[in-house]
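Encoded as structure tokens, the structure appears first; notes follow it.
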Amino acid sequence: MEFTDAQIQRYSRHIILPEVGGKGQKKLLGAKVLLVGAGGLGCPVGYYLAAAGVGTIGIVDDDVVELSNLQRQIAHSTNTIGMPKVESAKRTFEALNSDVNVVAMKGRLTKDNITGIIEKYDLVIDGSDNFPTRYLVNDACVLSRKPLVSGAILRFEGQVTTLIPYEGHCYRCLFEAPPPPGLVPSCQEAGVLGVLPGVIGALEATEALKIILGQGELLKNALLIYNALSASFRKVKVPRNPKCPVCGENPTITELQDYDAGYCQMG
Amino acid sequence: MPEEVSNRMEVEQKKNLDIRGLVCPYTFVKAKLAIEDMELGGVLEIVLDYPEAVHNIPKSMQDHGQKVLKVEQTGPKEWVIVVRKEKD
């Protein structure tokens with residue numbers, strides 16, 4: 001493909017970078033990224049990926065926009081309250097950049113539909129707000145060998161990690177099984193600083209662009225933890241677990257399973 | 001121009017780029033896109049009329065690992081920059 005004059009202007013600050021250039025920008029325009037969740041994390045992730053010119057962005061989310069979302073979910077607005085979040089986000093991202101095709105999927109990921117959805121994408125970004133989805137997405141990405149950027153937020157703290165199946169750790173190497181329902185408070189119960197998903201989502205989007213461009217060091221075998229109150233980052237090493245139930249030497253999880261809901265379902 | 005250079009230009013890929021009328025940063029953006037599409041050793045001749053870019057393009061090209069062979073004023077408000085691609 002040849003860039004149009006408008007694309008040369010839009011992406012000029014990328015094209016100038018030696019690590020991106022015209023070649024890298026074409027990779028971005030040809031890339032397909034799946035966002036799990038159009039909430040606190042999915043909004044900034046999708047916003048920046050759309051701005052960067054990632055050509056296809058799929059979004060899965062089952063919720064509609066509520067007033068209480070707008071303190072942090074920046075792709076939605078007062079005008080889209082009541083609208084499915086995937087539709088509200090699609091409008092925002094496509095208004096920012098018409099080079100981007102946003103595939104809006106209103107619904108929930110399940111063990112029966114997830115493999116068919118993720119196989120159409122180059123990589124997956126998890127911005128889900130509940131453990132059943134988080135573990136389902138991890139297991140599906142490992143079994144499909146799909147890169148996964150995972151982010152999580154609560155109160156004033158967030159974390160990001162990048163999973164390259166069988167090369168680096170997976171989510172179960174880090175936390176083998178979901179905690180029992182009720183043990184970990186949800187955002188709904190514990191609160192979250194509105195800007196925090198912006199910080200963590202921007203880090204997730206950065207990892208995604210690096211994967212597509214093949215540049216830099218990923219958060220592979222590492223977990224980056226940000227604390228907003230202490231204004232500090234910590235990077236913790238996470239080795240692969242040879243006994244991991246999904247990516248270890250003798251896996252016990254060889255097909256997908258759904259976990260009972262009972263966790264926070266709110267964005 | 002040294003004879004060695006002009007000999008090279010005869011055998012190697014050569015491309016011309018007219019960016020008269022363009023201003024920074026699009027002068028360099030266009031030049032960079034043109035050189036990306038060339039093979040190693042290829043020579044790009046750029047014609048431009050934006051004075052600032054006469055300094056900026058050679059500097060940026062060198063920063064990106066390319067070889068600037070010539071910067072020459074060819075008119076009251078026209079310059080030619082010749083760059084050889086040495087890095088992908």
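None of these values were measured; they are calculated from a predicted model. Side chains included, hydrogens not; waters and symmetry mates left out as well; all remaining heavy atoms used. In what follows, every chain begins at residue 1, and chains take the letters A, B, ... in the order their sequences are listed.
Proximity to chain B at a heavy-atom threshold of 4.5 Å picks out A:Ile15, A:Ile16, A:Leu17, A:Pro18, A:Gly21, A:Gly22, A:Lys23 from residues 14-34 of chain A, in numerical order. For residues 20-29 of chain B, the interface with chain A (any heavy-atom pair closer than 4.5 Å) comprises B:Pro25, B:Tyr26, B:Phe28, B:Val29, sorted by residue number.
Heavy-atom neighbours of A:Asp5 CG from other residues, nucleotides or ligands within 6.0 Å: at or below the threshold of 12. More than 12 non-hydrogen atoms from other residues, nucleotides or ligands lie less than 6.0 angstrom from CZ of A:Arg240.
Proximity to chain A is absent for every atom of B:Lys87, based on heavy atoms less than 4.5 angstrom apart. Only the side chain of A:Phe3 comes within contact range of chain B, judged by heavy atoms closer than 4.5 Å.
How far CG of B:Asp37 is from CD of A:Glu2: 6.0 Å, rounded to the nearest 0.5 Å.
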